[in-house]
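Worksheet for the structure shown next.
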Amino acid sequence: MKERNGLRGTSEAHRDVPATENGGPFRGGWADTALKSPPLPGAAYAAKRRSAVSERFPGERIVVPSGGLKVRSNDFDHPFRPHSAYVHLTAEEGSSAVPDSVLVFEPTGGSHAVTLFTRPRSPRDGGPNGTEFHGDRRYGEFWTGRRRTLPETADALGVEVAARDDLDRALRGNVPTRVLRFEDSYVDARVPPSPQADAELVVFLSELRLVKDAWEIGQLDGAVDCTVAGFHDVVGELRHATRLERGERWIEGTFNRRARLGGHSLGFDTIAAAGAHACVLHWMRNDGPVRDGDLLLLDAGVEADSFYTGDLTRTLPVDGRFTDTQRRVYDLVHAAQSAGIAALRPGARYGDFHTAAMRVIAEGLDAWGLRPYGASAATAESDLYRRYTVCGSGHMLGLDCHDCAGARGETYLDGVLEAGHVLTVEPGLYFQPDDLTVPEELRGIGVRIEDDFVITDDGAVCLSSELPRDADEVEAWMAALR
Ligand code: GLY
Ligand code: MN
Ligand code: MN
């Protein structure tokens with residue numbers, strides 16, 4: 001901030017107002033602005049998930065914090081994003097989420113009483129938090145905006161609600177307790193760790209998210225639709241991006257604008273990788289130029305207000321037409337992705353789609369005569385092709401982009417696909433610019449194609465089918481938008 005009114009710099013200009021004993025200039029004169037909060041649409045589904053937690057852990061206290069604010073620099077925080085397990089059990093949404101909230105399942109008889117401990121509104125005057133409203137830049141409503149009242153939160157989420165300040169009371173007593181750790185330092189300090197019990201809770205909460213219910217699938221569908229809109233925006237801006245020194249940043253900003261407009265935020269930082277940057281799997285620096293003749297790999301996802309996210313990748317010829325070599329690589333990745341998609345069905349092993357995709361890649365590379373180590377061909381049996389593919393061909397998708405990461409091998413990576421699983425299929429080929437094992441014309445080409453799928457009772461549905469996928473369709477789409 002420039003010098004203004006005699007104050008210099010943001011910390012001077014925005015320093016917290018000193019606390020006043022009696023409310024000072026803020027005392028009295030405030031209207032009652034309580035609202036009637038309709039139940040959030042996901043609340044009924046969250047109630048069922050809480051019942052599942054209750055059934056799994058009878059007689060035990062279960063504590064699931066939302067997490068809190070994290071400092072970005074000095075007196076500014078990163079935007080708040082609650083833990084996905086907390087979101088799953090509350091259906092809390094977007095900017096209504098309140099840092100330092102804690103969901104407590106208290107055993108009662110054969111079941112649990114569930115209470116959400118959260119921050120009430122900042123009182124305008126008086127009371128123990130009388131100066132928070134104007135004096136607390138992290139939580140005061142003068143600084144950060146209106147929160148819901150506790151009754152409003154109870155109505156919106158359909159849970160009992162109490163003030164966070166009363167949490168201590170809820171954690172007392174000699175009750176076996178499991179905590180989702182490392183999200184709330186107060187809770188962690190207050191409840192002695194039970195490493196095995198706490199680890200089991202992580203696994204359970206992660207596996208509870210494997211099969212998505214109808215509402216979650218609707219949310220993912222919406223997040224993917226908005227992500228598709230962001231890809232359209234980017235194609236419309238590609239020509240302009242070629243005129244800028246850091247065109248990748250323009251691409252990133254273009255997509256991110258759509259994410260903020262149509263959703264809550266991003267599921268992950270946008271990957272806008274032009275030219276050889278496409279060979280870096282998570283190129284998020286996005287500080288390079290976007291040049292005609294190169295490919296642009298855009299891997300991006302809009303996170304909806306419900307916090308469910310899309311995750312799509314397209315690799316686009318910047319000037320609208322693939323070169324013969326680019327198209328050869330693109331077509332092979334496209335064929336691999338198609339083989340992976342064809343392997344999606346309930347009852348298939350989770351690993352099958354990856355194996356199917358990699359078989360196409362390996363055989364394709366072999367047909368090109370690509371023999372990275374002399375006699376050893378890159379076949380499906382030898383895994384040398386991994387030099388050019390590196391990672392798996394997909395992952396579960398949901399509240400986290402890489403969803404359900406705490407699930408056990410037998411329920412996820414070594415498990416079987418079930419109706420309601422939502423996952424990505426995203427094979428790629430990445431020929432590093434300095435890889436002497438490939439012909440020069442391939443060096444610096446990276447291609448990934450990624451779509452999002454729901455497993456159904458008899459197959460799979462692509463949530464992102466509106467986004468052109470094969471090379472001809474991509475060129476036609478780009479020609480129409482440029
Ligand atoms: N966007 C990260 C991934 O596709 O896994
Ligand atoms: Mn992905
Ligand atoms: Mn992705």
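Whatever order the structure lists them in is the order used to number ligands and atoms, beginning at 1. What you are looking at is a predicted structure, and each value in this text was computed from that prediction instead of being measured. Scope of the values below: all heavy atoms of this structure, side chains included, with no hydrogens, waters or symmetry mates.
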Check ligand 1 against [X] and write out every atom of the ligand that is under 4.0 Å from a heavy-atom position of the residue.
X: H395; result: 3 (C), 4 (O), 5 (O)
X: E426; result: 3 (C), 4 (O), 5 (O)
X: F268; result: 1 (N)
X: E450; result: 4 (O)
X: H402; result: 2 (C), 3 (C), 5 (O)

*Using the ring of F231 (Phe, Tyr or Trp, six-membered ring only), decide whether R314 places NZ or CZ under 6.0 Å from its centre and within 45 degrees of its axis.*
no

*For Q337, which of V360, D470, D451 qualifies under side chain to side chain contact (heavy atoms under 4.5 Å, CB included)?*
D451

*Flag side-chain contact, heavy atom, 4.5 Å: L103 against V63*: no

*Near the Mn ion (ligand 2), is there an N/O/S atom from C401 that is less than 2.8 Å away?*
no

*Looking only at N, O or S atoms, find the one in D311 nearest to the Mn ion (ligand 3) and name it.*
OD1

*Which pair of non-hydrogen atoms, one from L201 and one from I62, has the smallest distance, and what is that distance?*
CD1-CG2, 3.9 Å

_V211 versus E216, closest heavy-atom pair with distance_ = O-OE1, 3.9 Å

_Distance-only N or O hit between ligand 1 and D311, under 3.5 Å_ = yes

*asked:* From the N, O or S atoms in E450, identify the one nearest to the Mn ion (ligand 2).
replied: OE2

_Atom of E426 closest to the Mn ion (ligand 2), considering N, O or S atoms_ = OE2

_Passing candidate, side chain to side chain donor-acceptor pair (under 3.5 Å) with D77, options R72, R138, R137, K70_ = R138

*N/O/S of D299 less than 2.8 Å from the Mn ion (ligand 3)?*
yes

_Donor-acceptor check, side chain of H395 to backbone of A405, threshold 3.5 angstrom: yes or no?_
no

_Under the salt bridge (Lys or Arg N to Asp or Glu O under 4.0 Å) test, residues paired with E93 that sit two or more places apart_ = none

*Say whether H282 and ligand 1 are in contact under the criterion: heavy-atom distance to a ligand atom below 4.0 Å.*
yes

